[in-house]
Amino acid sequence: MNKQQTNDFDKIILTAFMVSLARQFTDIPYAKELAQLIEMQGLVKVSQPQNQDKSILLTARVEARYKAINQVIAQYQITQVLELASGLLPRGLLMSSNPNITFIESDLPQMIRCKQQLIQQLVGEHPNLHFIEIDATKRPSEFCKSTPLLKAGQPVMILCEGLLTHLTLVEKQLVCANVREILHSYGGVWITPDFIDIATLVRSQQDDSDLQKLLQTVTNLTGRSLVNNNFGTLDLARQFVYEQGFCVTEHSMLNVIDELSCLEILGIDPEVVRKMLATQSVFALTLDAA
């Protein structure tokens, strides 16, 4: 990966702070505490200009994808977890409260160091919660950094929430290749809501003008378009996944609409959110046996 690409990815990191601020308007455990720590320490200043661009549908989508992923996680009895581009997600903090789970958070150096410091301040250390510097797009794969923490012969669960939506098609292929390698070695599943279609984003922007402003802010901030870097249709997204050697089971995000706390907290019309989530799914990907 060249220096320019590294700088581009460092810009994507800034979106983690924006999403964390949206997540605080939910009942997701530790979401408020993390957001408060970020604001107290002035970390949010990196995205201060974007604070004026708020979207209730962003909050609804952020809460829905988080809870939809958790719902799919519960269907698998896998105790080794590697979360890619974990950013400021609180999932590792919660799941590692189970001593039988090994949870590995990974991200670029700047982000993962920041996250580790925030978790240390919030709850101290969890011996089964680990933080590793991994660029999910890098080839040869950096996933091998997690090997000392993983038990051979036991499956691994790969999680990815938000990263792929920022990546080009070629970068998505690199991540797929890296995930394919680790699943080939350990078995398991890759769970992600990141294979989305452009039409869904366009419809959501039509229902929430603030979301349109926010997506433009993200583009200005990162130099990457969330619209242009996603798939023209859901069928094209499915075709891409199959071409990368995965079998897919889809889980509709509508399955968690009754669990969305932000609807009441922010006074959001449930029907608008239902419309947004109708075509969105969490993909559970396993290796094609063939």
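When reading the values below, keep in mind they use all heavy atoms of this one structure, side chains included, and skip hydrogens, waters and symmetry mates. All values derive from a computational prediction rather than experimental measurement.
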To the nearest 0.5 Å, what is the distance between [atom1] ([X]) and [atom2] ([Y])?
X      : Y      : atom1 : atom2 : value
Gln173 : Thr168 : CD    : OG1   : 8.5 Å
Phe283 : Trp190 : CZ    : CH2   : 10.5 Å
Arg65  : Thr192 : CZ    : OG1   : 9.0 Å
Gln154 : Thr102 : CD    : OG1   : 8.5 Å
Arg180 : Phe143 : CZ    : CZ    : 11.5 Å
Leu88  : Cys114 : CG    : SG    : 6.0 Å

Examine [X] and [Y] and state if one hydrophobic cluster contains both, with Ile, Leu, Val, Met, Phe, Trp and Tyr joined whenever side-chain heavy atoms are less than 4.5 Å apart.
X      : Y      : value
Leu129 : Ile78  : yes
Phe103 : Met111 : yes
Leu159 : Ile28  : no

[X] bridged to [Y] by N-O distance under 4.0 Å:
X      : Y      : answer
Glu181 : Arg139 : yes
Asp27  : Lys67  : yes
Arg91  : Glu105 : no

Could you check whether any side-chain N or O of [X] sits under 3.5 Å from a backbone N or O of [Y], counting only pairs where one atom can act as donor and the other as acceptor?
X      : Y      : result
Asn229 : His166 : yes
Asn255 : Ser252 : yes
Asn230 : Ile198 : no
Asn128 : Asn98  : yes
Asp194 : Leu164 : yes

For Thr233 and Asp235, does a side-chain donor sit closer than 3.5 Å to a side-chain acceptor?
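There is no such pair (donor and acceptor under 3.5 Å, judged by atom type) between the side chains of Thr233 and Asp235.
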
Taking atom types as modelled, find out whether Ser261 and Glu63 have a side-chain donor-acceptor pair closer than 3.5 angstrom.
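The answer is yes; a qualifying pair exists.
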
Looking only at heavy atoms, which two atoms of [X] and [Y] are closest? And how far apart?
X      : Y      : result
Leu234 : Phe195 : CD2-O, 4.1 Å
Ile38  : Ser20  : CD1-OG, 3.3 Å
Phe240 : Cys176 : CE2-SG, 3.9 Å
Leu82  : Ser146 : CD2-OG, 4.2 Å
Leu260 : Ala60  : CD1-O, 4.3 Å
Gln80  : Pro155 : NE2-O, 3.3 Å

Check the pair Leu266, Thr59 against side chain to side chain contact (heavy atoms under 4.5 Å, CB included), reporting the backbone distance first and the verdict last.
CA-CA 9 Å; Leu266 297 178; Thr59 302; 3.9 Å; yes

Should the heavy atoms of other residues, nucleotides or ligands under 6.0 Å from CD of Gln77 be counted, would the total exceed 12?
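Open.
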
Hey, mind stepping through Tyr66 and Thr26 against side chain to side chain contact (heavy atoms under 4.5 Å, CB included) and telling me if it holds?
CA-CA 11 Å; Tyr66 182 90; Thr26 73; over 6 Å; no

Is there side-chain contact between [X] and [Y], with heavy atoms separated by less than 4.5 Å?
X      : Y      : result
Ser185 : Thr147 : no
Ile182 : Val156 : yes
Val241 : Leu285 : yes
Leu84  : Asn178 : no
Glu83  : Ile69  : no

Determine, step by step, whether Gln239 and Glu243 satisfy the side chain to side chain donor-acceptor pair (under 3.5 Å) criterion, reporting the C-alpha distance in whole Å, the side-chain angles of both residues, the deciding distance to 0.1 Å, and the verdict.
CA-CA 6 Å; Gln239 180 182 343; Glu243 289 173 350; 3.0 Å; yes

Verify side chain to side chain contact (heavy atoms under 4.5 Å, CB included) between Asn70 and Val256, making sure each step is shown before the conclusion.
CA-CA 10 Å; Asn70 285 356; Val256 298; over 6 Å; no

Looking at Phe25, is Lys32 sitting on its ring face, NZ or CZ under 6.0 Å from the six-membered ring centre and within 45 degrees of the normal?
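Ring-cation test returns no.
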
Using the salt bridge (Lys or Arg N to Asp or Glu O under 4.0 Å) rule, pick out the option among Lys145, Lys138, Lys115, Arg113 that qualifies with Glu133.
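Single salt bridge (Lys or Arg N to Asp or Glu O under 4.0 Å) partner of Glu133 among Lys145, Lys138, Lys115, Arg113: Arg113.
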
